[in-house]
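See structure below.
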Amino acid sequence: MTKSRRVMAVIVAALLIVAMILPGLVVKAEAAGEETGETDRVTTKVTIESKDNKVLQYKPGESQKWTLVITNKTGQELSNLSVSPDMGGENADAWPFKTDYQKYEQKIDTLKNGEHKEISFDFLQRDDAGTRRYAIPFSVYKGDNDEPIETHKLYVNTTEKPQADNSQNQGDNGNGGDAMTASVGNDEPAVYSGGGSGSGGSSSDGSVPRVIVTGFDTNPAEVHAGSDFTLTIHLKNTSKKTKVQNMLFELEAPTEGTDEQTSAPAFLPTSGSNSIYLDGIKADGTADISITLNAKADLLQKPYSINLSMKYEDSQATQIDSSSSISIPVKQDARFEFSEFEISPQTIEVGGEANVMCSLYNLGRIKLYNAKARFEGNGIKKQEIFIGNVEAGATGSIDAMLKGEKVTNGNSKITMTLSYEDESGNISETTKDFELEVTEAVDDSDMYMNTDGDVDAGSGGFPVVPVVVVIAIIAGAVAAVVFVKKKKKKQMLNEEEELLDELDRSSEDEREQP
């Protein structure tokens, strides 16, 4: 065997040995990771670790803060991060804590490369969690992305509930009512945003009774600016065991207006007070509260939000604060006017046309969409013109040519119908009337000149007017010729007489000479 072949054989043998040993090393590293309570990871960009690398020990009914350390190792700055635990989904046995919220979440605004930040969650162990070790996956999300950028499993130990347990007397340290932001028709628990609040309390079983808004009604159904309406809010106590009582509700509407003199809440209570009191709601029960409000007259046509703050007590007289909001759409009535009609001419013949014009002034606070004007009436052909969209405070022009179709007996009523749509596509109509006369058509070929100079209808088809004009021209020419001839003849006679007079005077002079 040559030297090169021996070297190749040694290299191959070394590679085989490494391939046999490497899987065992990986298994040992994973086992070591579990012993320290850390996650299994090969390549890590963002790490999630329990503070001081501790595995927490929980007891039944005990609330304890779990602090995590988040470290950025991506090589770049991260922003808009959120950290959430996996609550087990349908597998309730994978989650050892009581669930008061639909989701537990902590936010991190920015995390520079190499920087680490601490976040914490308050969890309360379930009584039936037992004595065991739970693996809780924690995930880091960026923005609104549903896929995590990193997930790690952290471990926690729980203990079984002892025979003599007084956990019912322990409070819920940190699950206050301030975190609840229920919306209309939403009966899901609110999102837990971390931290604690002294404004909330818990019932004897350790849970906080929730009061949510399931919906609302208004009477009338459509709220118009400047009008009164009755608001009825539907409430539900989501707790299956605990009654809530001594309930105080306060409504707060947004302030509308461009200056201090005109600014005011969008909705004002007609009674002068925005507070409502309710004795209580039984466990898993419902109730309604009502108040009469007035909508500000200059409100724009859009939905307006009303904040509803709630203060109530549980069966242990522990005060709980929460809030909700509802959105009330406000309608603005369309207001507009027409200018006076300009009609030219006021009377038309059958087959003739009249020009009708006017202006449309939008005086309201809403836009008129797809405006059209339709003209109908006796004696004219139906006509429709498109105006288009007319903004609030703007002017639209209406210009139509109406054609006479049949004779009317004097002035006849013509109706202009204006149609337009609102923002929802609902069509409304309004009308305005004017008068127009349609007469019989006159044929110019049947006209002739009478002796008084008036034009009358002739009985035949002979062109009388042109012939009369020609005859008049000829007669004028003949008269001019005759006049000229007479003038010349008279001039010649005068000249002859003057010549004879001179001849006579000459003869007399000759006879008088000796």
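Quick caveat: nothing in here was measured; it's all calculated off a predicted structure. Residue indices begin at 1 and follow the sequence shown.
Across Lys296 and Ala264, no two heavy atoms sit closer than the pair CE-CB, 3.7 Å. Of all the heavy atoms in Phe121 and Val83, the pair that sits closest is CZ-O, 3.5 Å. For Asp122 against Ser63, the heavy-atom pair with the smallest separation is CB-OG, 4.5 Å. Ile281 and Thr286 make their closest contact through CG2-N, 3.9 Å (heavy atoms, listed as atom of the first residue, atom of the second, distance). Across every non-hydrogen atom of Ile289 and Phe249, the tightest pair is CD1-CG, 3.8 Å. Scanning both residues, Leu68 and Ser50, for their nearest heavy atoms gives CD2-CA, 4.2 Å.
Two residues are said to be in side-chain contact when any heavy atoms from C-beta on lie closer than 4.5 Å; Ile70 and Ile119 meet this criterion. Within the 4.5 Å cutoff, no side-chain heavy atoms of Ser239 are placed close to those of Val244. At a threshold of 4.5 Å between non-hydrogen side-chain atoms, the residues Glu105 and Pro85 do not count as touching. Residues Phe338 and Ile398 meet the side-chain proximity criterion, which asks for heavy atoms closer than 4.5 Å.
For the atom pair CG (Leu278) and OH (Tyr312), the distance works out to 12.5 Å, reported to the nearest 0.5 Å. If you take CD on Glu384 and CZ on Phe375, they are separated by 10.5 Å, rounding to the nearest 0.5 Å. For the atom pair OG of Ser315 and CD of Gln245, the computed distance is 7.5 Å after rounding to the nearest 0.5 Å. Between the CG atom of Asp333 and the CD1 atom of Ile366 there is a distance of 7.5 Å, given to the nearest 0.5 Å. To the nearest 0.5 Å, the span separating NZ on Lys112 from CD on Gln76 amounts to 14.5 Å. To the nearest 0.5 Å, atoms OG1 (Thr395) and CG (Asn362) are separated by 8.5 Å.
Phe336 has its ring centre less than 6.0 Å from the ring centre of Tyr420. Residues Phe97 and Tyr104 place their aromatic rings such that the two centres sit no closer than 6.0 Å.
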Query raised in the report: Going through the checks in order, is the side chain to side chain contact (heavy atoms under 4.5 Å, CB included) test met by Val46 and Thr74?
Result: CA-CA 7 Å; Val46 178; Thr74 62; 3.8 Å; yes
Query raised in the report: Where do Met247 and Met310 land on the side chain to side chain contact (heavy atoms under 4.5 Å, CB included) test, with the steps shown first?
Result: CA-CA 7 Å; Met247 309 181 72; Met310 297 180 277; 5.7 Å; no
Requested in this report: Just do the side chain to side chain contact (heavy atoms under 4.5 Å, CB included) check on Thr431 and Leu418 with the steps written out, would you?
Outcome: CA-CA 6 Å; Thr431 61; Leu418 176 74; over 6 Å; no
**Report entry** Verdict with supporting geometry, Ile233 and Ile326, side chain to side chain contact (heavy atoms under 4.5 Å, CB included)
**Finding:** CA-CA 9 Å; Ile233 301 174; Ile326 59 177; 4.1 Å; yes
Query - Criterion side-chain hydrogen bond (donor to acceptor under 3.5 Å, both in side chains) on Glu313 and Asn246, from CA distance to verdict - result: CA-CA 6 Å; Glu313 299 173 355; Asn246 196 22; 3.2 Å; yes
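Side chain of Arg210 to main chain of Thr238: no donor-acceptor pair is present (N/O by atom type, distance under 3.5 Å, no hydrogens or angles). In terms of modelled atom types and a separation under 3.5 Å, the side chain of Gln125 and the main chain of Lys59 share a donor-acceptor contact. No side-chain donor-acceptor contact under 3.5 Å links Thr131 to the backbone of Thr159. Counting only distance, with no hydrogens or angles, the side chain of Ser325 and the backbone of Leu308 share no donor-acceptor pair below 3.5 Å. Side-chain atoms of Ser419 never come within 3.5 Å of backbone atoms of Ser428 as a donor-acceptor pair (strictly under, hydrogens ignored). In this structure, the side chain of Gln64 engages the main chain of Gln57 through a donor-acceptor pair within 3.5 Å. Side-chain atoms of Gln301 come within 3.5 Å of backbone N or O of Gln332 as a donor-acceptor pair.
Asn72 and His116 share no donor-acceptor pair across their side chains, judged by distance under 3.5 Å alone. Side-chain contact, Glu421 with Asn370: a donor N or O sits under 3.5 Å from an acceptor N or O. Remark: the Ser290 side chain and the Thr232 side chain contain an N/O donor-acceptor pair separated by less than 3.5 Å. Of the N and O atoms on the side chains of Asn274 and Glu250, not one donor lies less than 3.5 Å from an acceptor on the other residue. Residues Thr151 and Ser139 bring a donor and an acceptor atom of their side chains to less than 3.5 Å of each other. The closest side-chain donor-acceptor pair between Thr242 and Asp314, if any, does not fall under 3.5 angstrom. Between the side chains of Tyr141 and Asp146, no donor-acceptor pair is found at a separation under 3.5 Å.
With sequence neighbours excluded, the residues that form a side chain to side chain donor-acceptor pair (under 3.5 Å) with Lys367 are Glu391. Under the rule for a side chain to side chain donor-acceptor pair (under 3.5 Å), Asn113 has no partner lying at least two apart in sequence or in another chain.
Between Phe267 and Tyr304, the ring-plane angle classifies as perpendicular under the 30° and 60° cut-offs.
A salt bridge links Lys240 to Asp284: at least one charged side-chain nitrogen sits closer than 4.0 Å to a carboxylate oxygen. Using a 4.0 Å cut-off between a side-chain N of Lys or Arg and a carboxylate O of Asp or Glu, Lys51 and Glu49 do not qualify as a salt bridge.
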